[in-house]
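The next block holds one structure in the form of structure tokens; read it before the comments.
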Amino acid sequence: MNALIFRWARLHELTAPEWHAVMAAREAVFIVEQNCPYQDADALDAQSWHLIGTCDGLLAAYLRVVDPGRKSVHAGTFYAEPSIGRVLTATAFRGKGFGQQLMREGIAGCDRLFPGQGIRISAQSYLLNFYRALGFVEVGDEYDEDGIPHFEMRRT
Ligand SMILES: CC(C)(COP(=O)(O)OP(=O)(O)OC[C@H]1O[C@@H](n2cnc3c(N)ncnc32)[C@H](O)[C@@H]1OP(=O)(O)O)[C@@H](O)C(=O)NCCC(=O)NCCS
């Protein structure tokens, strides 16, 4: 299997087929696989950088970086930092290191686009070690988001 090829884009720069592939992957993972009915396409999509990783012409991995000051988890408070979210590897491509490659590219992109600002994420609790290995540290206690346990994590 070939390596991931990365593409960064704002929402308006993506073609319709690219955006369709992103939404199909997000729905497959976060709504169907995780059995969680929630509003996936949201206003933050227009306030984010989208990172698509393709392998052999297929969308294999994806994340978005929400612009600083836009992401809110607790009512009325916003992350001052850029925030990586919707991190996924399509099921057919898991366990090959793509998730880690995707996050490393996401972190490098944040450092390039928003130098010195750090990164804050809302991480599903079962992936604490995945994010710790990438330099993220928990901030505060576990909380519920759309019925799934999460930790806020920060990378300086
Ligand atoms: C999390 C996810 C992106 C990992 O993708 P992946 O391409 O399979 O991950 P990698 O092959 O790069 O694995 C990287 C490391 O994370 C670990 N890891 C991967 N999936 C894991 C899981 N479900 N639970 C615990 N650890 C996991 C791997 O063991 C590996 O560790 P190692 O380097 O010590 O071997 C993928 O499982 C996924 O899309 N999950 C569903 C969506 C999701 O929950 N996203 C996160 C929202 S916060």
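In listed order, ligands and their atoms are each counted from 1. A quick note: this is a predicted structure, and the numbers were derived from the prediction, not measured.
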Would you confirm whether any non-hydrogen atom of the protein falls under 4.0 Å from atom 29 (O) of ligand 1? no

His20 (side chain) donor-acceptor with Thr15 (main chain) under 3.5 angstrom: no

Hey, which atoms in ligand 1 end up nearer than 4.0 Å to a heavy atom of Gln100? 12 (O), 33 (O)

Is the closest side-chain donor-acceptor distance between Ser122 and Glu152 under 3.5 Å? no

Under 3.5 Å between any N/O of Glu33 and any N/O of ligand 1: does that happen in this structure? no

Within the 4.0 Å heavy-atom shell around Arg94, which atoms of ligand 1 are there? 8 (O), 36 (C), 37 (O), 38 (C), 39 (O), 40 (N), 41 (C)

In the protein, which heavy atom is nearest to atom 8 (O) of ligand 1, and how far is it? Gly95 N, 2.9 Å

Is atom 32 (P) of ligand 1 in close reach of the protein, with a heavy atom under 4.0 Å away? no

Side chains of Glu81 and Pro68: does their closest heavy-atom pair fall under 4.5 Å? no

Are the side chains of Val65 and Leu51 in contact, using a 4.5 Å heavy-atom criterion? no

Gln34 heavy atom under 4.0 Å from ligand 1: yes

Can Leu127 be said to touch ligand 1, with heavy atoms closer than 4.0 Å? yes

Sidechain-backbone polar pair: Glu138 side chain, Gly140 backbone, donor-acceptor under 3.5 Å: no

Identity and distance of the protein heavy atom lying nearest atom 19 (C) of ligand 1: Phe130 CD1, 4.6 Å

Distance flag for atom 12 (O) of ligand 1, protein heavy atom under 4.0 Å: yes

With heavy atoms under 4.0 Å as the rule, classify the contact between Tyr131 and ligand 1 as side chain, backbone, both or neither. side chain

For residues Tyr62 and His50, determine if any side-chain heavy atom of one lies less than 4.5 Å from a side-chain heavy atom of the other. yes

Ring-plane angle category for Phe93 and Phe98, please: parallel below 30°, perpendicular beyond 60°, tilted otherwise. parallel

Before signing off on this row, confirm whether Tyr126 and ligand 1 have an N or O atom pair separated by under 3.5 Å. yes

Would you call Arg10 and Asp67 a salt bridge, using N to O less than 4.0 angstrom? yes

Leu88, any N or O under 3.5 Å of ligand 1 N or O: no

Please check atom 35 (O) of ligand 1 for a protein heavy-atom neighbour under 4.0 Å. no

Can you see whether Trp49 has Arg64 sitting over its ring - NZ or CZ less than 6.0 Å from the centre and within 45° of the normal? no

Roughly how far apart are Gln124 CD and Ile148 CD1, rounded to 0.5 Å? 4.5 Å

Taking only heavy atoms of Lys96 into account, list the atoms of ligand 1 that are under 4.0 Å away from them. 11 (O)

Out of all atoms in ligand 1, which are within 4.0 Å of some heavy atom of Val29? Include the element for each. 41 (C), 42 (C)

Suppose we measure from atom 7 (O) of ligand 1 to each protein heavy atom; which comes out shortest, and what is that distance? Gly99 N, 2.8 Å

Excluding Val137, membership of its hydrophobic cluster (Ile, Leu, Val, Met, Phe, Trp, Tyr; side-chain heavy atoms within less than 4.5 Å) reads none

Can you list the ligand 1 atoms lying under 4.0 Å from a non-hydrogen atom of Val87? 42 (C), 43 (C), 45 (N), 46 (C)

Among all the protein's non-hydrogen atoms, which is closest to atom 5 (O) of ligand 1, and how far away is it? Thr89 OG1, 3.1 Å

Protein non-hydrogen atom found under 4.0 Å from atom 42 (C) of ligand 1: yes

Output a table of donor-acceptor pairs, distance under 3.5 Å, between side-chain atoms of residues 100-110 and any protein atom two or more places apart or on a different chain; print 'none' if there are none.
residue : atom : partner : partner atom : Å
Glu105  : OE2  : Trp8    : NE1          : 2.8

Looking at Asn35 and Val32, would you say the former's side chain and the latter's main chain have a donor-acceptor pair under 3.5 Å? no

Do Phe93 and ligand 1 have an N or O pair less than 3.5 Å apart? no

